[in-house]
K.L.:
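Take a look at this one; I'll ask things after.
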Amino acid sequence: MSDSTTQAASGAGAADADPTRLTAVEMADRLAAGTLTSVELTQAHLDRIERLDPTVHAFLLVDAEGALATAREVDAARAAGEELPRLAGVPVAVKDIACTQGLTTTAGSRMLEEFVPPYDATIVTRLRDARMPILGKTNMDEFAMGSSTEHSAFGPTRNPWDLERIPGGSGGGSSAAVAAYLAPLAIGSDTGGSIRQPAAVTGTVGTKPTYGAVSRYGIIALASSLDQIGPCARTVADAALLHEVIAGHDPMDSTSVDAPVPDVVGAAGTTDLAGLRVGVVREISGSDQGFQPGVQARFEEALDALRGLGAEVTEVSCPHFAYAMAAYYLILPSEASSNLARYDAMRYGLRVTPDDSPSAEQVMGASRDAGFGDEVKRRIILGTYALSSGYYDAYYGQAQKVRTLIARDFEAAFGQVDVLVSPTAPTTAFRIGDQTEDPMAMYLNDIATIPANLAGVPGMSVPSGTAEEDGLPTGLQILAPAMQDQRLYAVGAALEARLRERQGGYVIEQAPEIEVRA
Amino acid sequence: MSHLSREDVAHVAMLARIQLEDAELDRLAAQLDQIVDWVGQVGEVASADVPPMSHPMPLANVTRPDEVRESLTVQQALANAPQAQDDRFAVPRILDEE
């Protein structure tokens with residue numbers, strides 16, 4: 001009795017000393033119980049950001065004043081006995097792809113370096129309605145094009161596990177912020193894996209919901225038929241709470257799904273997977289695909305854990321996944337070349353004026369050359385080419401047919417099993433600079449995540465441990481049929497609980513302390 | 001085999017209104033040729049009877065009543081403009097000088 005009392009007291013003491021170490025669920029509980037205030041919690045995160053972010057560079061903008069103002073309002077409302085949403089007072093970071101009224105929103109590009117949106121994205125409105133202090137805007141590959149955050153015009157973000165390595169991309173700022181305890185929760189966007197791959201390489205949890213499940217209104221568009229907003233967190237239950245806040249129909253987005261949000265929070269309490277049918281996708285799992293041995297080993301262990309939880313694990317084949325990368329690198333650039341045509345230097349964004357008396361066309365050409373980085377230029381040119389007369393059928397048209405075949409592969413697979421699994425990324429985090437000269441090598445990081453975007457089905461990455469050869473985190477990807485997002489949370493939560501039992505804590509707790517650099 | 005020549009890339013970049021410098025053109029043309037070669041494999045798989053898919057969900061027009069609603073003020077709309085004049089966006093000349 002006295003032992004457990006002492007333990008409980010010392011546990012609470014440590015967390016009181018540093019509330020950033022709590023899960024979002026614990027933060028919400030303490031705020032509700034009145035043992036922690038939102039101002040204390042928000043200030044603790046801001047202090048940590050001030051100390052560590054010059055080293056990690058997860059944030060492009062920190063809004064201390066705005067975050068603390070929200071925190072004060074929440075504390076006052078709570079003191080007045082007002083009934084508050086579950087995450088009221090819990091801080092959140094937002095990827096710099098979502099428009100925030102009055103807060104510079106750059107999408108990681110020089111083109112938008114000075115852009116201050118006149119309105120909020122719907123998901124930002126939802127965060128405000130949920131009374132969550134917004135800590136700031138997180139770094140990303142320019143216009144979300146990349147898998148390492150090295151394509152940000154404002155410098156790379158560093159992986160909290162090893163500062164010489166990438167935090168994944170494009171949402172490396174959000175994943176690093178969460179992994180470094182700079183924020184308990186963050187918003188990401190996933191067009192080909194930009195939530196899931198960063199989660200995998202930082203030992204965190206990330207979900208790409210079903211296409212259309214979360215509003216894209218006010219999100220800077222990359223590829224509109226692929227883009228999806230989702231939560232980044234350190235635990236599955238935390239991700240579920242944020243998922244619930246942002247999901248749901250929005251009349252401002254004509255592709256928004258008008259259907260009830262699946263019970264992801266309830267599913268995140270799952271501890272048993274008896275009878276669940278799990279399919280291992282042969283084409284994106286296995287050492288013959290060139291996946292790193294340590295990634296593969298943790299994947300095999302995760303499959304054992306799933307069997308231990310009562311799931312029935314079988315192999316399934318999705319033969320057209322082999323063509324997913326090629327189809328994606330036609331469809332995405334095609335849509336991006338159209339979406340990014342709006343950056344014409346006329347109404348907003350960078351304007352570069354060449355000498356003499358240039359025409360609008362010359363101003364556009366010079367502004368777009370100066371405002372876009374290499375990867376953005378490559379994709380715009382590739383997309384313009386794929387859509388051009390004489391090449392449309394061979395490239396974009398053919399890619400759309402492959403997309404149909406991939407959707408059919410999913411349909412057939414989900415006729416046999418309830419969820420599909422694979423390693424999230426083929427390797428652990430690579431070194432900064434290793435792949436910047438080789439665009440094709442960079443593209444291959446998303447080999448396992450891209451099929452879900454093409455078909456519009458939901459996916460999640462949960463930590464599966466660390467690779468033996470480098471000690472860096474690995475992720476398990478879970479995929480479910482459209483609008484069955486709760487299955488991701490059920491499988492993710494059960495697996496997370498099992499690994500936690502085995503390893504004595506969450507994978508993220510094995511991350512080393514960050515050494516501040518001068 | 002080369003799919004995309006340096007001239008092709010320069011032409012497509014012009015269509016996309018990106019005024020590439022010579023060094024950029026050299027670098028991007030080589031990379032793009034390699035990428036186009038690789039993405040061309042989509043031609044190997046789908047037969048003519050496979051319908052194209054442009055979107056993950058069936059799309060229908062979404063309409064709403066045509067009512068006047070609150071929107072951005074002129075000042076808000078022009079706040080990010082590189083140049084504004086008389087409550088309008090000021091743009092460079094759009095016609096040739098001759």
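Lettering of chains follows the sequences in order, A, B, ..., and the numbering in each one begins at 1. Computed over heavy atoms, backbone and side chain alike; hydrogens, waters and symmetry mates excluded.
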K.L.:
I'd like to check A:Met364 versus B:Ile18 (side-chain heavy atoms, cut-off strictly below 4.5 Å). Are they in contact?
P.N.:
no
K.L.:
Sub-3.5 Å donor-acceptor pair from the side chain of B:Asn80 to the main-chain atoms of A:Val116, do we have one?
P.N.:
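The answer is yes, because a donor-acceptor pair under 3.5 Å joins these two groups.
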K.L.:
Are any non-hydrogen side-chain atoms of B:Arg17 and A:Asp344 less than 4.5 angstrom apart?
P.N.:
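Not touching, per the 4.5 Å side-chain cut-off.
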K.L.:
May I ask you to test the B:Pro92-A:Met346 pair for a side-chain heavy-atom distance under 4.5 Å?
P.N.:
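SC-SC contact between B:Pro92 and A:Met346 confirmed.
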K.L.:
Less than 4.5 Å to any heavy atom of chain B: does that hold for the side chain of A:Gln362, its backbone, both, or neither?
P.N.:
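Contact with chain B: side chain only.
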K.L.:
Tell me, side chain or backbone of B:Gln31 under 4.5 Å from chain A's heavy atoms, or both, or neither?
P.N.:
side chain
K.L.:
Which atoms form the tightest heavy-atom contact between A:Arg403 and B:His55, and what is the distance?
P.N.:
NH1-N, 4.0 Å
K.L.:
Which of residues 67-76 of chain B have a heavy atom under 4.5 Å from any heavy atom of chain A?
P.N.:
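Residues of residues 67-76 of chain B touching chain A at under 4.5 Å: B:Leu72, B:Gln76.
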K.L.:
Select one option (side chain, backbone, both, neither) describing which atoms of A:Ala407 are under 4.5 Å from chain B's heavy atoms.
P.N.:
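The answer is the side chain of A:Ala407.
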K.L.:
Quick check for you: to the nearest 0.5 Å, what is the distance between B:Leu15 atom CG and A:Ile381 atom CD1?
P.N.:
10.5 Å
K.L.:
Contact between A:Lys377 and B:Glu24 at the side-chain level, heavy atoms closer than 4.5 Å - yes or no?
P.N.:
yes
K.L.:
Look at atom CG of B:Asp49 and say whether more than 12 heavy atoms of other residues, nucleotides or ligands are closer to it than 6.0 Å.
P.N.:
yes
K.L.:
Could you tell me which portion of B:Arg27 (side chain, backbone, both or neither) has an atom closer than 4.5 angstrom to a non-hydrogen atom of chain A?
P.N.:
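Contact with chain A: side chain only.
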K.L.:
Between A:Leu454 and chain B, with a heavy-atom cut-off of 4.5 Å, which part of the residue counts as in contact: side chain, backbone, both or neither?
P.N.:
backbone
K.L.:
With a 4.5 angstrom heavy-atom cut-off, could you sort out which part of B:Val62 is near chain A: side chain, backbone, both or neither?
P.N.:
side chain
K.L.:
What part of B:Ile35 lies closer than 4.5 angstrom to a heavy atom of chain A: side chain, backbone, both or neither?
P.N.:
both
K.L.:
Under the rule for ring pair (Phe, Tyr, Trp, His ring centres under 6.0 Å), what residues qualify as partners of A:Tyr323, not counting sequence neighbours?
P.N.:
none
K.L.:
Holding to side-chain hydrogen bond (donor to acceptor under 3.5 Å, both in side chains), I want the full list of residues that pass it with A:Ser147, two or more places apart in sequence or in another chain.
P.N.:
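Checked A:Ser147 against side-chain hydrogen bond (donor to acceptor under 3.5 Å, both in side chains); matches are A:Asp446.
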K.L.:
Does the side chain of B:Arg64 reach to within under 4.5 Å of the side chain of A:Pro251, using non-hydrogen atoms?
P.N.:
no
K.L.:
When you compare the side chains of B:Gln83 and A:Arg351, does any donor N or O come within less than 3.5 Å of an acceptor on the partner?
P.N.:
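Yes, because at least one side-chain N or O of B:Gln83 sits under 3.5 Å from a partner of the opposite role on A:Arg351.
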K.L.:
Please state whether the side chain, the backbone, both or neither of B:Ala90 comes within less than 4.5 Å of a heavy atom of chain A.
P.N.:
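The backbone, not the side chain.
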K.L.:
Which members of residues 437-445 of chain A, sorted by number, sit under 4.5 angstrom from chain B on a heavy-atom basis?
P.N.:
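So the qualifying residues are A:Glu437, A:Pro439, A:Met440, A:Tyr443.
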K.L.:
With only heavy atoms counted, which part of A:Thr255 is less than 4.5 Å from chain B, the side chain, the backbone, both or neither?
P.N.:
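Answer is both: backbone and side chain atoms of A:Thr255 are under 4.5 Å from chain B.
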K.L.:
Is it the side chain or the backbone of B:Ala79 that comes within 4.5 Å of chain A heavy atoms, both, or neither?
P.N.:
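For B:Ala79, there is no contact with chain A at all, as no heavy atom is under 4.5 Å.
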K.L.:
Does any backbone or side-chain atom of A:Ala482 lie under 4.5 Å from a heavy atom of chain B? Answer side chain, backbone, both or neither.
P.N.:
neither
